[in-house]
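No hydrogens, no waters, no symmetry mates; every other heavy atom, side chains included, goes into these values.
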Amino acid sequence: MNLPNKLTVLRVCLIPLFMAALLIDSIPYNIYIALGVFALASITDWFDGKLARKHNLVTTFGKFLDPLADKMLVMSALCCFTYLDWIDPAAVVIILAREFMVSGLRLVVANEGVVVAAGIWGKLKTAFTMFALIAVMFLVGYSGFDKDIFIINEILIWISAVLTVISGGIYLKGYWSYIDSSK
């Protein structure tokens with residue numbers, strides 16, 4: 001297994017640690033530990049792709065696991081934040097629906113031998129969402145949770161939701177011919 005794939009596997013393995021740190025209140029400074037673990041996992045996403053492309057280490061395993069690892073990390077954080085009442089569940093449902101739609105689209109076109117590569121909007125969506133989730137944890141950890149922090153969290157998560165819808169629409173438009181029911 002090459003280094004980029006090991007980084008992707010590490011990202012998946014960090015998810016339970018992130019969730020435990022975030023949700024177990026009895027751990028001192030739990031939010032900061034969760035923030036650090038999430039930030040580390042997010043950084044591995046950037047490094048694994050950069051290394052894979054730079055050193056020609058792109059593999060089928062990586063093409064499969066990398067987007068799945070991203071979705072698992074982001075969905076875990078979104079679900080935890082919703083559970084903690086830090087963000088609006090409606091935005092989370094929109095984001096999760098897009099993720100399932102794109103995953104389903106990837107499966108359909110894979111049957112045709114086509115790989116749905118991450119486009120610029122998908123990368124922007126992922127990067128901003130990871131930034132937003134890190135910012136939410138930082139803001140809640142730094143200043144506690146009050147109405148002003150909730151409003152900032154809402155702005156960040158709804159920007160993520162809008163980017164999510166845009167990137168999902170672009171994927172759907174680009175691969176519509178594979179799922180067009182009139183054919």
Side-chain angles (χ1 to χ4, degrees), residues 1-23 30-81 87 92 95-138 141 156-157 159-172 174-175:
M1 183 179 299
N2 64 34
L3 181 57
N5 289 344
K6 288 178 182 176
L7 289 172
T8 300
V9 169
L10 173 63
R11 186 161 63 257
V12 172
C13 293
L14 288 173
I15 294 169
L17 181 60
F18 158 72
M19 292 179 66
L22 186 63
L23 297 175
N30 69 317
I31 194 164
Y32 298 111
I33 295 168
L35 174 61
V37 171
F38 188 89
L40 175 64
S42 297
I43 289 168
T44 67
D45 179 39
W46 182 78
F47 275 119
D48 67 21
K50 188 149 185 86
L51 287 171
R53 287 184 297 277
K54 182 178 180 181
H55 299 290
N56 197 26
L57 297 171
V58 176
T59 64
T60 302
F61 178 79
K63 288 179 190 177
F64 165 74
L65 190 59
D66 183 66
L68 183 61
D70 295 344
K71 287 175 185 12
M72 291 168 56
L73 179 63
V74 168
M75 287 181 180
S76 298
L78 291 170
C79 290
C80 289
F81 291 6
I87 58 175
V92 173
I95 293 168
L96 296 180
R98 180 267 187 206
E99 297 302 346
F100 284 120
M101 186 270 302
V102 170
S103 294
L105 181 63
R106 287 178 195 267
L107 289 173
V108 168
V109 302
N111 285 334
E112 304 292 326
V114 176
V115 174
V116 177
I120 188 65
W121 281 97
K123 290 177 182 180
L124 177 64
K125 179 267 315 173
T126 299
F128 185 84
T129 301
M130 288 182 175
F131 162 78
L133 296 172
I134 289 168
V136 165
M137 282 185 279
F138 176 78
L156 291 170
I157 205 65
I159 291 171
S160 292
V162 168
L163 290 172
T164 296
V165 168
I166 291 169
S167 69
I170 289 168
Y171 281 121
L172 197 56
Y175 295 94

Exercise. How far does OG1 of T164 sit from CE of M101, to the nearest 0.5 angstrom?
Worked result: 10.0 Å
Exercise. With distance as the sole criterion, is a donor-acceptor pair present between the side chains of T44 and R11 under 3.5 Å?
Worked result: yes
Problem set entry | Nearest non-hydrogen partners of I15 and L73, listed with the distance | CD1-N, 3.5 Å
Problem set entry | D45 side, atom CG; K50 side, atom NZ - distance, nearest 0.5 Å | 13.0 Å
Exercise. Any side-chain heavy-atom pair from S167 and L124 closer than 4.5 angstrom?
Worked result: no
Problem set entry | Ring center gap for F61 and F64 short of 6.0 angstrom | no
Problem set entry | Non-hydrogen atoms of G141 and I31 that approach each other most closely | N-CD1, 3.6 Å
For this session: Could you walk me through whether L57 and L3 pass the side chain to side chain contact (heavy atoms under 4.5 Å, CB included) test, one step at a time?
Result: CA-CA 8 Å; L57 297 171; L3 181 57; 5.5 Å; no
For this session: List the atom of A34, the atom of A21, and the distance in Å for their closest heavy-atom pair.
Result: N-CB, 3.7 Å
Exercise. Side chains of R98 and V165: does their closest heavy-atom pair fall under 4.5 Å?
Worked result: no
Exercise. Roughly how far apart are K125 NZ and I170 CD1, rounded to 0.5 Å?
Worked result: 12.0 Å
Problem set entry | L156 and F128: CA distance, side-chain angles, deciding distance, side chain to side chain contact (heavy atoms under 4.5 Å, CB included) verdict | CA-CA 9 Å; L156 291 170; F128 185 84; 4.0 Å; yes
Problem set entry | D70 side, atom CG; L65 side, atom CG - distance, nearest 0.5 Å | 9.0 Å
For this session: Indicate yes or no: at least one non-hydrogen side-chain atom of F100 is less than 4.5 angstrom from one of K71.
Result: no
Problem set entry | Considering all heavy atoms, the nearest G62-P67 contact | O-CD, 3.9 Å
Seminar exercise, completed: Heavy-atom closest pair (G168 atom, V102 atom, distance to 0.1 Å) is CA-CG2, 4.4 Å
For this session: Can you see which heavy atom on S76 is nearest to which on F18, and at what distance?
Result: C-CE2, 4.3 Å
Problem set entry | Y175 (side chain) donor-acceptor with R106 (main chain) under 3.5 angstrom | no
Problem set entry | Inter-residue atom distance I134.CD1 - M130.CE, 0.5 Å rounding | 8.0 Å
Exercise. Can you list the steps and then say if L133 with L78 is a side chain to side chain contact (heavy atoms under 4.5 Å, CB included)?
Worked result: CA-CA 8 Å; L133 296 172; L78 291 170; 3.9 Å; yes
Exercise. Is there a donor in the side chain of N5 and an acceptor in the side chain of T59, or the other way round, less than 3.5 Å apart?
Worked result: yes
Exercise. So do the side chains of I157 and I95 get within less than 4.5 Å of each other, counting heavy atoms only?
Worked result: yes
Seminar exercise, completed: Distance col, row I166:CD1 vs W121:CH2, nearest 0.5 angstrom, shows 4.5 Å
